[in-house]
Each structure stands twice: as structure tokens, then as C-alpha cells.
Amino acid sequence: MSGLLIISSMLGGCTSSAEKYIQLGNYKGVEYTAYVITDSDVEAAVNSKLEENPVYTEVTDRGAEEGDVVNIDFVCYHNGEITDNGSDDNVDCEIGSGLWLDGFEDGLIGARAGDELSLDLEYSDSYTANPELAGEAVTFEVTVNSVQSKSIPELTDDFVKSVSEISQTTDEYYDEVRAELESSYEEDYISEVWDTVTENTTVTEYPEDKLDEYIEKYTDDVEDLCEVYGCTADDYYSEYYGRTVEEYAQYIIKEELIVEAVAAREDITVSDDDYAEKLSEYMENAEYDDEEEYIEDAGGEEALKYYFLRDMVAEFIFDNAVAVDSVSVSE
């Protein structure tokens, strides 16, 4: 629900005047489909975490093999000259990753630390990073600094302590991962019930001045980009939001009207404590340390108060929603 979409909010004291413009759909008892987190789902998530944290072991008794990570220095020559950006030091190349020029990784098979290699290769005709090299033969002079094998670690208490800030044992870690999965799907549920309320709400008329203001604002927001890419504002919003500028403005206004109407009906307001708690949460998610900088980048305190109110309204709707079906995450 958080984000830095900068919009003009319709706070206006959060009165029920919003219902002058909408027929608010039912927002209590909204149905949604819940996911069942099974043991196999948790196991799969834990295994993914293990794969994200491989163990690297120095290899000295054999040459490099498929799956090994080879640290290299290299220089690329074309017609005897070093190519643009054609050299680097202490670069890791995983054999079999497919990230390097065709034939480069295979050329490292069997290499050992200290080896110096000369690899004669050819760029494809479709190479675009440096068009001058498309279809051209090049030579890579390579120095091998080290060879490391890569393996998936075992799940142990020590591993858990290295990746978790709250778990100390494997059993605790399984519980932590299950809770993380449940929390991640709760965000999906909140979005689902919010979308349902939005779909079931009818706008009888849009505040004319507000609509004109938003259309102008959203058009101005992308003016520079459109000049660079030769597109219209409608082209831009259709590409990224699936709506024209006017449709996007209507979508935002409808959302604001729903927030204002539900907040007024249910007496939902952003207290000082709510503001401080939400601000801390948003800053952490956006990886900001400076409060003033974040508030400015987010559009100011009034914009943030709207975002926080929207969150609280959406959470209220979810708290009053009903799970009518359950499916496995893996289905």
C-alpha cells in the first residue's frame, strides 16, 4: 500500500461530502480468497533462502568445472587494440551462467589459479552493446586469480543466525518463514478487497475543478519524458497504467472519494501516533534515514497523511472482510 506516487489529496477535514459524488459500494463483509500455507510451501521458501546464500570453497586440487566461480582479470583486444570498456580486474565468472560471450565460460573449464589464457572468440552479428564489434573476432587475455566451488549450505542453527535477526534455531526459522509468507499474502488480500470495493462503487459525477486540476498535473508530470521519447501523455499513461490521462485522473479521484467516505462513516483519522508509526514504516520500506528528506520526496506531510489514511481505511475494510475460499499457495 505504501509508495511515493505524488498526488494532491482530498483531505478537506475528511467529511462525508465525498458521497455527493459517489454511490459507495458495500465495504463490510467483502469476500476474498485466502491461501493456505502448507509445510511444503514453507520448505520451498527455506530452500530458496539456502540457494540465495551459497557457500564458496577455494579449489586447489583440480581445474575449474561447470558451476565453479572463477575470479579473473581480463583484457579484450580487437584488431590488436583494447576495446572500449574491454578490461576489468577481480571479476567473478560462474561457469554455466550464460552471462558471458558465447565460448568464454567454456574457455575457463580446466583453468587453475595463476593460469594465463588466450581466448579467441567472436561476437554475434546481433551484438548491440558495442555495434562496432558485432560479428567481429576478438581475443580475451585472461589471468585466473582463483577458482571456487559453489554449494548450497545445510540448514543449521548457525546458518539461521547468519540470515535471521529474530530466529536462533531451525525450528524458530521455519516459524519465521511461515509468518513471513502469511504476512506477504495479507498484502494481496488487502489489495483484493480494496479492488472489490472500488469496482462496486459508482461515481455519479467527478468534481470538475479537481478533475481538470489532476489532468493538468499528470500531463505536466510527464511532459519532459514525452519530449525525449516523442510520445503523448496519453501514450505514456496507457503504457504504464493502462489508462489515458483523464482515465487515470478519474481513477485517483475515485480512490480518494472512497477513502474520504469510508473514513467519515467509520470515524477513521490519522492521529499523531498513527502518523509517527506509519512514517517510520514508510521510511524503512523506502530505505530513508533522513525524515525531512523523505517527507519532501513524498510530497509533504499532507500527502503522507493521505497515504496513511488510505492504508488505515484499506486495513479496516480487510479487517471486516470474509475469507470464503482457501487454496494452496502452490496451486
Is a side-chain donor or acceptor of [X] paired with a backbone partner of [Y] at a separation under 3.5 angstrom?
| X | Y | answer |
| --- | --- | --- |
| Glu51 | Ser48 | no |
| Gln250 | Tyr206 | no |
| Asn53 | Lys49 | yes |
| Asp106 | Gly103 | no |

**Request:** Among Glu284, Glu315, Glu301, find the residue that satisfies the salt bridge (Lys or Arg N to Asp or Glu O under 4.0 Å) test when tested with Lys278.
**Result:** Glu315
Plane angle bin for [Y] and [X] - parallel if under 30°, tilted between 30 and 60°, otherwise perpendicular:
| X | Y | value |
| --- | --- | --- |
| Trp100 | Phe104 | parallel |
| Tyr185 | Tyr35 | tilted |
| Phe159 | Tyr173 | perpendicular |
| Tyr218 | Tyr248 | perpendicular |

**Asked** Ring centroid separation for Tyr282 and Phe308, is it under 6.0 angstrom?
**Response** yes
**Prompt:** Only one of Val322, Val30, Asp188 clears side-chain contact (heavy atoms from CB on, under 4.5 Å) with Val193; which?
**Reply:** Val30
**Message:** side chain to side chain donor-acceptor pair (under 3.5 Å), that's the test. Do Asn130 and Tyr123 meet it? Break it down for me.
**Reply:** CA-CA 10 Å; Asn130 185 346; Tyr123 282 98; over 6 Å; no
**Item:** salt bridge (charged side-chain N to carboxylate O under 4.0 Å, His left out): pairs with one or both residues in residues 138-153, sequence neighbours excluded
**Value:** Glu94-Lys150
**Prompt:** Can Glu19 and Arg265 be counted as an ion pair, charged N to O under 4.0 angstrom?
**Reply:** yes
